[in-house]
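Along the sequence shown, residues carry numbers from 1.
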Amino acid sequence: MRDSAEFTRWTTEFEAKARARARAGDPDDAGGATLHPDLVRSIQRFQVGESGDGAHLIAKADAAGDPVYAAAVRLFVAEERNHARLLLNLLHAAGEKPISAHWTDAIFVRLRRGLGLRLELMVLSVAEVIAVPYYRALRDGARDPLTTRTAALILADEQRHIPFHTHRLRLAFAPTPPVLRPLIRATWWAILHAAILVVLLDHGPALRQLGSTRTEFARTARAHFIPICATALPPHRVLLSR
């Protein structure tokens with residue numbers, strides 16, 4: 001089937017990335033890291049968000065009935081957990097400890113676990129849209145070399161995750177009647193705006209340290225989301241070739 005072939009491509013890409021990561025190794029943290037307290041608090045919160053085991057997403061992917069897609073999801077989860085490990089290494093290099101939980105992550109997890117695979121991927125895609133401008137700001141605005149290298153590695157992964165989730169959502173939404181699509185789009189946009197608001201309130205001091213404004217962050221996140229929504233949930237049904 002064409003869809004399975006597409007997800008075979010994703011599996012191959014994830015596996016190739018994992019091999020390249022193993023060859024390159026982690027960024028050298030021998031020199032430690034210097035982080036402003038606002039950045040420490042921000043990175044701690046993102047580290048919690050990246051550290052989930054992905055069990056619920058994997059179970060939903062298994063239940064969807066496409067073993068190729070389920071294999072790709074496992075590789076995606078492995079990349080996210082590697083992000084948590086890289087951020088943990090960065091915190092340790094700065095002489096800081098991680099936090100065990102944060103209210104924003106708890107709400108995010110409850111929301112995406114609440115219903116089926118589509119809702120989980122809708123929320124995850126919003127998380128990726130938020131992550132891209134955040135890690136770009138961390139890469140470009142941090143004056144610490146280890147922070148810059150760590151953020152660059154994570155950013156490259158997050159940028160690949162967006163089309164991965166968009167592809168699966170396009171398939172999931174293909175049979176959705178046109179009358180329901182505006183409601184779903186409105187709900188999806190509401191999730192995005194709520195996430196942006198949380199980041200601006202919770203990570204605003206860190207963004208200022210990185211030379212990024214709240215307006216710039218919100219504008220960039222919205223710009224990344226527009227093509228995702230248009231591709232995954234166009235106004236009319238999409239006939240998928242097999």
Side-chain angles (χ1 to χ4, degrees), residues 33-52 80 83-84 86-88 90-91 94 96 98-99 101-112 119 121-163 165-166 184-233:
T34 302
L35 295 174
H36 187 277
D38 290 339
L39 289 182
V40 171
R41 286 188 287 270
S42 179
I43 291 169
Q44 285 171 329
R45 293 164 190 177
F46 264 82
Q47 197 274 336
V48 168
E50 300 272 18
S51 61
E80 292 291 313
H83 297 170
L86 290 172
L87 293 176
L88 180 62
L90 176 60
L91 288 170
E96 303 289 346
I99 57 177
H102 191 258
W103 68 269
T104 54
D105 181 61
I107 292 174
F108 172 79
V109 169
R110 254 187 221 103
L111 177 62
R112 67 186 178 87
L119 179 61
L121 293 181
M122 287 169 67
V123 177
L124 272 175
S125 67
V126 167
E128 305 289 1
V129 164
I130 293 296
V132 166
Y134 176 80
Y135 286 117
R136 182 177 291 126
L138 195 60
R139 180 197 66 185
D140 297 342
R143 291 178 289 274
D144 173 72
L146 180 59
T147 304
T148 297
R149 290 194 295 271
T150 299
L153 289 174
I154 298 176
L155 174 62
D157 288 343
E158 301 290 18
Q159 288 172 321
R160 289 186 300 103
H161 294 170
I162 288 176
H165 295 316
T166 302
I184 298 172
R185 277 197 299 275
T187 301
W188 206 357
W189 273 101
I191 295 171
L192 173 72
H193 287 142
I196 290 174
L197 179 61
V198 167
V199 171
L200 297 185
L201 293 175
D202 212 30
H203 299 268
L207 292 174
R208 281 196 299 274
Q209 287 296 323
L210 298 170
S212 178
T213 67
R214 286 178 166 90
T215 300
E216 179 185 358
F217 183 91
R219 184 186 300 118
T220 303
R222 286 175 55 88
H224 279 293
F225 183 72
I226 288 171
I228 296 171
C229 193
T231 301
L233 194 60

Here the gap from D38 atom CG to I43 atom CD1, rounded to the nearest 0.5 Å, amounts to 11.0 Å
Go through the steps to decide whether I196 and I130 satisfy the test side chain to side chain contact (heavy atoms under 4.5 Å, CB included), and finish with yes or no.
-> CA-CA 7 Å; I196 290 174; I130 293 296; 3.7 Å; yes
If every non-hydrogen atom of L87 is compared with every non-hydrogen atom of T150, which pair is closest and at what distance?
-> CD2-CG2, 4.3 Å
Please report the closest heavy-atom contact between F217 and L200, naming both atoms and the distance.
-> CD2-CD2, 3.9 Å
Determine the interplanar angle of the F46 and Y134 rings, folded into 0 to 90°, and report it as parallel if under 30°, tilted if 30 to 60°, perpendicular if over 60°.
-> parallel
Ring geometry between F225 and W188 (parallel below 30°, tilted from 30 to 60°, perpendicular above 60°) = perpendicular
How far apart are the C-alpha atoms of Q159 and L155, what are their side-chain angles, what is the distance that settles it, and do they pass the side chain to side chain contact (heavy atoms under 4.5 Å, CB included) test?
-> CA-CA 6 Å; Q159 288 172 321; L155 174 62; 4.0 Å; yes
Heavy atoms only: give me the nearest A142-L210 pair and the separation to one decimal.
-> N-CD2, 3.6 Å
At their closest point, which heavy atom of L233 faces which heavy atom of R185, and how far apart are they?
-> O-NH1, 3.1 Å
Lys/Arg N to Asp/Glu carboxylate O, R45 vs D202, below 4.0 Å | yes
d(R160 CZ, H165 NE2) to nearest 0.5 Å is 11.0 Å
If you measure from CG on L138 to OG1 on T148, what distance do you get to the nearest 0.5 Å?
-> 7.5 Å
How many angstroms lie between atom OG1 of T34 and atom CG of L39, to the nearest 0.5 angstrom?
-> 11.0 Å
Carefully, step by step, assess S42 and H203 under the rule side chain to side chain donor-acceptor pair (under 3.5 Å).
-> CA-CA 6 Å; S42 179; H203 299 268; 2.7 Å; yes
Can you tell me how far the CG atom of L192 sits from the NE2 atom of H224, to the nearest 0.5 Å?
-> 11.5 Å
Closest heavy-atom pair and its distance - P227, A223 = CD-O, 3.1 Å
Flag side-chain contact, heavy atom, 4.5 Å: I162 against E158 = no
Please report the shortest heavy-atom distance between Q47 and P98, naming the atom on each side.
-> OE1-CB, 3.8 Å
Test side chain to side chain contact (heavy atoms under 4.5 Å, CB included) applied to H36 and R208, step by step = CA-CA 11 Å; H36 187 277; R208 281 196 299 274; over 6 Å; no
Point-to-point distance, once rounded to the nearest 0.5 Å, from CZ of R149 to CG of L153 = 9.0 Å
Mind running side chain to side chain contact (heavy atoms under 4.5 Å, CB included) on E128 and E80 for me, showing each step along the way?
-> CA-CA 11 Å; E128 305 289 1; E80 292 291 313; 3.6 Å; yes
